[in-house]
Amino acid sequence: MKIYEENNSVVLEGVEDFNIKHIFECGQCFRWKKEENESYTGVAKGKILNVEEKGDKIYLNNTNLEDFNNIWHDYFDLGTNYTEIKNKLKEMDEYLDKATDFGWGIRILKQDQWEMLISFIISSNNRIPMIQKAIDNLSKKFGKFIGEYNGKEYYAFPTPQELSRASKEEIRACQTGFRDKYIKSTADAVANNNDNVYGYSMLDTEQCRKELLKFNGVGPKVCDCISLFGMQKYDTFPVDVWVKRVMQEFYVDEDMSLPKIRAYALDKFGELAGFAQQYLFYYARELGIGR
DNA sequence: GTCCAGGGCTCGC
DNA sequence: GCGAGCCATGGA
């Protein structure tokens with residue numbers, strides 16, 4: 001892979017296992033929006049970035065080599081060999097063989113722990129477009145203005161302090177619905193009790209899970225998503241309706257409970273369970289498997 | 001009106 | 001530690 005800077009952009013030439021549609025639409029993130037030219041613009045780490053694909057080149061627009069080295073290299077998990085991961089998954093069974101071919105360019109982003117905590121509380125019993133809307137509203141209302149890009153204004157995700165200053169009613173006004181009380185309670189807990197969510201990455205998967213489950217509005221599924229997308233716990237397997245469908249279609253009985261599906265997958269996919277989950281989720285959702 | 005979404009909480013065993 | 005009900009909002 002060749003990396004160089006030109007015209008306020010960083011170009012990645014010949015990067016393996018990288019497809020922007022797969023990455024941004026596999027359900028792991030909520031703040032990346034597709035532009036008219038098929039590129040994606042989003043906010044992460046308090047910066048606005050646009051990502052564009054042209055042939056075998058990936059253009060990271062509105063950034064420079066310094067930010068690439070400090071932020072984006074890690075954010076896009078470019079230090080991990082996804083070819084190797086996919087090959088191991090392919091050897092497991094025919095369904096993963098298909099799913100990894102289908103979503104060949106997926107990478108699990110290393111996103112902000114706190115942002116994942118609140119985002120996936122909002123996700124509970126909700127739809128993806130509604131989740132995106134609520135997060136946008138919260139950011140616009142309580143986050144810092146970062147700047148403009150391509151004629152649009154962008155805001156950072158609010159910090160724990162910024163969000164805890166909001167009332168339950170103000171949070172609800174951002175279209176969070178009945179989850180308003182969960183968000184308020186969690187924001188207060190993190191801001192006031194100094195619950196150090198940024199330290200949970202250092203804990204092992206089980207300890208991390210126990211800490212996250214203490215928050216109001218965080219159950220098994222939400223907890224697994226935060227662990228996987230915010231804390232690099234790859235030996236987790238979030239089971240939502242889509243994953244339940246694809247698992248029942250290919251692996252287990254119709255009447256198996258969610259906790260048992262989770263246990264089954266952890267046992268079967270082991271250290272790679274989180275990666276398997278992403279490929280299966282994207283495969284199931286894009287193809288409408290089980291509906 | 002009915003159904004459903006990247007579920008969580010509470011209770012009873 | 002489980003399973004079963006109950007709870008909840010907004011869009012299609």
Side-chain angles (χ1 to χ4, degrees), chain A residues 21-32 99 103 106 108-109 111 115-138 168-187 189 206 209-231 233-234 236-250 252-267 269 273-291:
Chain A
K21 179 180 185 333
H22 298 170
I23 291 173
F24 296 129
E25 294 187 18
C26 70
Q28 60 178 328
C29 52
F30 302 109
R31 299 207 69 194
W32 291 88
I106 289 177
I108 298 188
L109 301 172
Q111 303 181 76
E115 184 175 333
M116 290 302 98
L117 174 56
I118 298 300
S119 297
F120 280 98
I121 286 177
I122 295 171
S123 81
S124 77
N125 223 21
N126 207 347
R127 291 174 202 242
I128 290 179
M130 288 299 296
I131 303 166
Q132 293 170 332
K133 210 179 289 180
I135 294 172
D136 264 0
N137 290 339
L138 284 176
K168 188 159 74 76
E169 289 69 26
E170 287 175 311
I171 291 172
R172 193 183 191 71
C174 293
Q175 293 181 278
T176 55
F178 62 87
R179 310 155 192 91
D180 57 350
K181 51 188 175 293
Y182 301 153
I183 297 169
K184 180 63 181 159
S185 154
T186 298
E206 263 317 298
R209 180 177 173 78
K210 274 173 87 178
E211 291 297 328
L212 286 173
L213 285 172
K214 288 180 185 168
F215 292 111
N216 208 346
V218 178
K221 152 66 173 64
V222 168
C223 169
D224 283 340
C225 284
I226 303 165
S227 303
L228 179 57
F229 302 132
M231 300 177 178
K233 304 304 181 198
Y234 300 113
T236 55
F237 195 82
V239 183
D240 60 31
V241 290
W242 286 105
V243 174
K244 180 181 169 225
R245 281 174 190 149
V246 71
M247 289 300 287
Q248 287 173 340
E249 185 84 12
F250 297 143
V252 302
D253 286 340
E254 273 282 326
D255 55 353
M256 189 181 276
S257 70
L258 298 183
K260 283 185 178 165
I261 294 177
R262 178 177 185 276
Y264 174 92
L266 286 180
D267 181 56
F269 307 131
F275 296 101
Q277 193 270 3
Q278 275 303 277
Y279 292 113
L280 289 172
F281 175 87
Y282 185 68
Y283 188 60
R285 185 156 174 268
E286 290 288 316
L287 297 184
I289 288 172
R291 292 208 61 181

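A note on names: the letters A, B, ... follow the listed sequences, proteins ahead of strands, and every chain is numbered from 1.
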Whole-angstrom distance between C:dC7 and B:dG6, as gauged at atom P: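 Approximately 23 Å lies between the P atom of C:dC7 and that of B:dG6.
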Phosphate OP1/OP2 of C:dG3: any A:Ser257 side-chain N/O under 4.0 Å: yes
From CD (A:Gln111) to OG (A:Ser119), nearest 0.5 Å: 7.5 Å
Among A:Asn216, A:Thr176, A:Val218, side chain to side chain contact (heavy atoms under 4.5 Å, CB included) partner for A:Tyr182: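 It is A:Asn216, the one option of A:Asn216, A:Thr176, A:Val218 that forms the side chain to side chain contact (heavy atoms under 4.5 Å, CB included) with A:Tyr182.
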Within the 4.0 Å heavy-atom criterion, would you say [X] contacts the bases, only the backbone, or no part of the nucleic acid?
X        : result
A:Gly27  : base
A:Val239 : nothing
A:Pro220 : sugar-phosphate
A:Phe281 : base

In whole angstrom, give the distance that lies between atom [atom1] of [X] and atom [atom2] of [N].
X        : N     : atom1 : atom2 : value
A:Ile118 : B:dG8 : CD1   : P     : 14 Å
A:Asp180 : B:dG7 : CG    : P     : 18 Å
A:Ile289 : B:dG6 : CD1   : C1'   : 16 Å
A:Phe120 : B:dG8 : CZ    : P     : 11 Å
A:Asp240 : B:dC4 : CG    : C1'   : 14 Å
A:Leu228 : B:dG6 : CG    : P     : 17 Å
A:Lys244 : B:dC4 : NZ    : P     : 11 Å
A:Glu286 : B:dG6 : CD    : P     : 12 Å

Check: A:Ser124 main-chain N/O paired with A:Arg179 side-chain donor or acceptor under 3.5 Å: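 Here the side-chain-to-backbone pair exists.
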Which residue lies more 5' along DNA chain B, comparing A:Trp242 with A:Leu213 via nearest heavy atoms: A:Trp242
Protein-to-nucleotide contact annotation, 5' to 3' order, nucleotides 6-12 of chain C [B base; S sugar-phosphate only; - none; under 4.0 Å, heavy atom]: --BSBB-
A:Phe30 ring center within less than 6.0 Å of A:Phe120 ring center: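 Yes.
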Reference residue A:Arg262; test side-chain hydrogen bond (donor to acceptor under 3.5 Å, both in side chains); the match among A:Asp267, A:Asp224, A:Thr236: A:Asp224
Heavy-atom side-chain proximity of A:Pro238 to A:Gln277 below 4.5 angstrom: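 Yes; the side chains approach each other to less than 4.5 Å.
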A:Lys21 with A:Glu286: basic N within carboxylate O range, under 4.0 Å: yes
